[in-house]
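Small disclaimer: the values here were computed from a predicted structure and weren't measured.
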Amino acid sequence: MKATLLPPPAKRRRGPRVAVLALVLFSLLVPLAFLFDRSQSGYVTTDERRRQEVVLPSFHHVEKTDGDGTVNGLKQDTPKKTPRGNSGGLQKHKQTDRHTSRVSTKPKVLPSPKVDPSEAVKESTQGTREVSKDRKRLDKGTNIDEVENVKACQLEFGSYCLWSREHKVVMKDSIVKRLKDQLFVARSYYPSIAKLEGQEELTGVMKQNIQDHERILSVSTVDADLPSFTNKKMEQMEQTIARAKSCTVDCHNVDRKLRQILDMTEDEAHFHMKQSAFLYNLGAQTLPKSHHCLSMRLTLEYFKPSSPGSNDSSARKFSATHGRHYVVLSKNILAASVVINSTVSSSKDRKNIIFHILTDAQNFFAMKYWFDKKSYREAAVHVVNYEDIIKEKLTKFSVRHLYLSEEFRVLVRSTEQPAGKTRMEYLSLFSHSHFFIPEIFKDLNKVVVLDDDVVVQRDLSFLWNLDMGDKVNGAIEFCGLRLGQVRNLLGSTTVDTKSCAWMSGINVINLDKWRKHKVTENYLLLLKKFVMKDETSLRAAAFPLSLLSFQHLIYPLDERLILSGLGYDYAIDEEVARSSAALHYNGNMKPWLELGIPNYRRYWKRFLTRDDKFMDECNINP
């Protein structure tokens, strides 16, 4: 027979195997990256508000204080831990105007107008009291260290710390707690016992008891889930620990091991807190499923042939200069509806009220259908597609997307004051979109801008009778924060360090004076001087831009007009909230979310539309 040579076996290709291993490794790393929050810092979830708390750096005192104790002239002190989504993209800009290089060290400061509240103001705000004196502060017995820990937590995690403090659950499972304590003590003694000669039997018993405890705690987190033999295991562990303590060991080794376990426990607790804070922010920034359902249903109904058309009689009122025009920026149908319903219900004269809702293209048709089929007494509602107007008619503006009022948190502290005086302030200001209102409503000369997280409880008609002089923006001043305290965030532009910050919520805007002072043009010039790396830094830039653009152009409104903080502050007196002219739910805990503070949600729900079939079908019950 003739032998034939068989061909050599084909070599297996390693390519597919390497690719499979790479995919497996990638599938393991991606969840870990998400778990440890290593995603891009500028990531913002697709939500109806696109808001987030933007933390600003803390500051140290470098100049003298005012007579009222307010700190002026502070230098930046970057915090050790920076929370996700911070304003790190905010940078000092260089002054390009050649004339500003010769500015005197004593800038000319325009005098603030003297405000004497009219009888209408007093009538509308009667029954209110000074908010700062009526807030329920921490109990007198609260430890100062605990207060400082809360403030440090807020610096890293924001209002999540306030929420978690209110929802703190006291551990009632005493047996589980005792098991953990025994496990920690046994682990601290085990390395020292294992090194002793003649204690092999004790070492083996201790190791077995540690494994038994670990096995029990891995499957049981509450007393009700513990197996029946738990008490026996606890007695065995107690005897083993007593035997270990009777042995002569190096106390330093035991102490060092206990400290290691303590450090590991603190790291684990911080890790879980970081996870919980991420989920809290996710819940605060994400559109609830039921709200998304409502928006989709209304959009579908809008395009049906049987959908109602626009009211022509109301359309003629939109450009009437003699009317009382309110502007609301919103992407949330129910939030905008509550603002309109509460304002109309609280008004004495409803005939000449016109609301202009600026929304984005995604929510425009749903908003249009909702407000076309709803009636708000004699008031007219005009829904405007903000993004289409910017894209078609205002092409010179680079900021095309709709942004709602931005919310910031600022840590204010001074080395000359006790640690207890350190405070965290939450501030809401205009976004980039607010600066284009005069261009959108060119036929109007005066508007009142309302945030969509505001509830009006008193008649606001007196705001139309205010004589603001040469001022542009009638706003509530917030003198708890002055421009000198955030000087390093304002660039090299000359500022009046004693000027107070101000708040959005309810703002009276004189559009004629706005155009005269060229506020939008000045804003665009300032915008070019700030470095915008991503959307997060763009939104963070709203802080200096809002303060600089309206410097010396703020008309201070009566502070009793609106009560702020209902979206983060659990310490507001309910009597004050009930008697305030308006409520501002600034903060992450909005009243339409499950995170909303229960005691304050009822003021918002009172003006919520009821008996709507689409709300029932989408199971909306805030």
Margin query: If you apply the rule side-chain contact (heavy atoms from CB on, under 4.5 Å), what do you find for Val328 with Leu358, and how did you get there?
Written below: CA-CA 6 Å; Val328 181; Leu358 297 181; over 6 Å; no
Next item on the list: Start with the C-alpha gap between Trp464 and Tyr326, add the side-chain angles, then the distance that decides, and say whether ring pair (Phe, Tyr, Trp, His ring centres under 6.0 Å) holds.
Entry: CA-CA 11 Å; Trp464 303 98; Tyr326 292 89; 5.6 Å; yes
Note to self: Assess the residue pair Tyr160 and Tyr568 against the criterion (ring pair (Phe, Tyr, Trp, His ring centres under 6.0 Å)); give the C-alpha distance rounded to whole Å, side-chain angles, the decisive distance to 0.1 Å, and a yes or no.
What the structure shows: CA-CA 9 Å; Tyr160 160 75; Tyr568 68 88; over 10 Å; no
Check: Going through the checks in order, is the ring pair (Phe, Tyr, Trp, His ring centres under 6.0 Å) test met by His270 and Phe157?
Finding: CA-CA 11 Å; His270 185 270; Phe157 298 114; 5.8 Å; yes
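Nearest heavy atom pair, residue Ala581 against residue Leu561, reads CB-O, 3.2 Å. Counting all heavy atoms, side chain and backbone alike, Leu557 lies closest to Ile506 at CD1-O, 4.1 Å. Asp360 approaches Leu402 most closely through the heavy-atom pair N-CD2, 3.6 Å. Counting all heavy atoms, side chain and backbone alike, Thr609 lies closest to Ser337 at OG1-OG, 3.3 Å. For Val339 against Asp451, the heavy-atom pair with the smallest separation is CG2-O, 3.6 Å. Taking every heavy atom of both residues into account, Leu593 and Thr286 meet most closely at CD2-O, 4.4 Å.
Using cut-offs of 30° and 60° for the angle between ring planes, the Tyr376 and Phe371 rings count as tilted. Using cut-offs of 30° and 60° on the angle between ring planes, the pair His432 and Tyr403 is perpendicular. The aromatic rings of Tyr369 and Phe614 sit perpendicular to each other, their planes meeting at more than 60°, with 30° as the lower class boundary. In this structure, Phe430 and His434 have parallel ring planes: the angle between them is below the 30° cut-off, well short of the 60° mark. A perpendicular orientation is assigned to the rings of His167 and Tyr570, their planes being inclined by more than 60° (bins at 30° and 60°).
By the 4.5 Å heavy-atom criterion applied to side chains, Ile437 and Val327 are counted as neighbours. Side-chain contact between Phe607 and Ile340: absent, with no pair of heavy atoms (C-beta onward) separated by less than 4.5 Å. Proximity of Val454 to Thr343: side-chain heavy atoms (C-beta onward) are nowhere separated by under 4.5 Å. Residues Leu566 and Ile597 are not in side-chain contact: their nearest non-hydrogen atoms beyond the backbone lie 4.5 Å or more apart. Considering only heavy atoms from C-beta on, Leu595 stays 4.5 Å or farther from Lys590 through its side chain.
In Lys289, the NZ atom is not crowded: 12 or fewer heavy atoms of neighbouring residues, nucleotides or ligands sit closer than 6.0 Å.
A donor atom on one side chain and an acceptor atom on the other are found under 3.5 Å apart for Gln154 and Tyr426. Inspection of the Ser330 and Asp452 side chains reveals an N or O donor paired with an N or O acceptor under 3.5 Å. Between the side chains of Ser159 and Tyr280, at least one donor N or O lies within less than 3.5 Å of an accepting N or O. Side chains of Asn619 and Ser290: no donor on one and acceptor on the other come within 3.5 Å. Judged by distance alone, the side chains of Asp534 and Ser537 do bring a donor and an acceptor atom under 3.5 Å apart. Of the N and O atoms on the side chains of Ser504 and Ser428, at least one donor lies less than 3.5 Å from an acceptor on the other residue.
Rounding to the nearest 0.5 angstrom, the gap separating the OG atom in Ser295 from the NZ atom in Lys331 is 12.0 Å. Atoms CD and CZ, on Glu407 and Phe543 in that order, are 13.5 Å from each other to the nearest 0.5 Å. Here the CG-CG distance, from Asn332 to Asp453, works out to 10.0 Å after rounding to the nearest 0.5 Å. Note: Leu287 CG to His292 NE2 = 7.0 Å, rounded to the nearest 0.5 Å. Separating the CD1 atom in Ile389 from the CZ atom in Phe441 is a distance of 7.0 Å, to the nearest 0.5 Å. Remark: Lys613 NZ to Glu301 CD distance equals 5.5 Å, nearest 0.5 Å.
At least one donor-acceptor pair closer than 3.5 Å links the side chain of Asp173 to the backbone N or O of Asp223. In terms of modelled atom types and a separation under 3.5 Å, the side chain of Ser276 and the main chain of His272 share no donor-acceptor contact. Judged purely by atom type and a 3.5 angstrom limit, Thr359 has no side-chain atom pairing as donor or acceptor with the backbone of Phe364. In this structure a side-chain-to-backbone donor-acceptor pair under 3.5 Å is present from Asp459 to Ser461. No donor-acceptor pair under 3.5 Å is formed between the side chain of Arg400 and the backbone N or O of Asp388. Of the possible donor and acceptor atoms, one in the side chain of Asn281 sits under 3.5 Å from a partner among the backbone N and O of Ala277. The backbone N or O of Val508 sits nowhere less than 3.5 Å from a side-chain atom of Lys446 that would complete a donor-acceptor pair. Between the Gln457 side chain and the Ala582 main chain, no donor and acceptor come within less than 3.5 Å of each other. Within the 3.5 Å criterion, the main-chain N or O of Ile390 finds no donor-acceptor partner in the side chain of Lys393. Here the side chain of Thr230 pairs no donor or acceptor atom with the backbone of Leu226 at under 3.5 angstrom.
Taking the six-membered ring for Trp and the full ring otherwise, Tyr302 and Phe365 have centroids separated by under 6.0 Å.
Using a 4.0 Å cut-off between a side-chain N of Lys or Arg and a carboxylate O of Asp or Glu, Glu594 and Arg601 do not qualify as a salt bridge. Between Glu378 and Lys351, no side-chain nitrogen of the basic residue sits less than 4.0 Å from a carboxylate oxygen of the acidic one, so the salt-bridge criterion is not met. Using a 4.0 Å cut-off between charged side-chain N and carboxylate O, Lys373 and Asp612 make a salt bridge.
A cation-pi geometry, defined here as NZ or CZ lying under 6.0 Å from the six-membered ring centre and within 45° of its normal, does not hold between Lys368 and Trp370.
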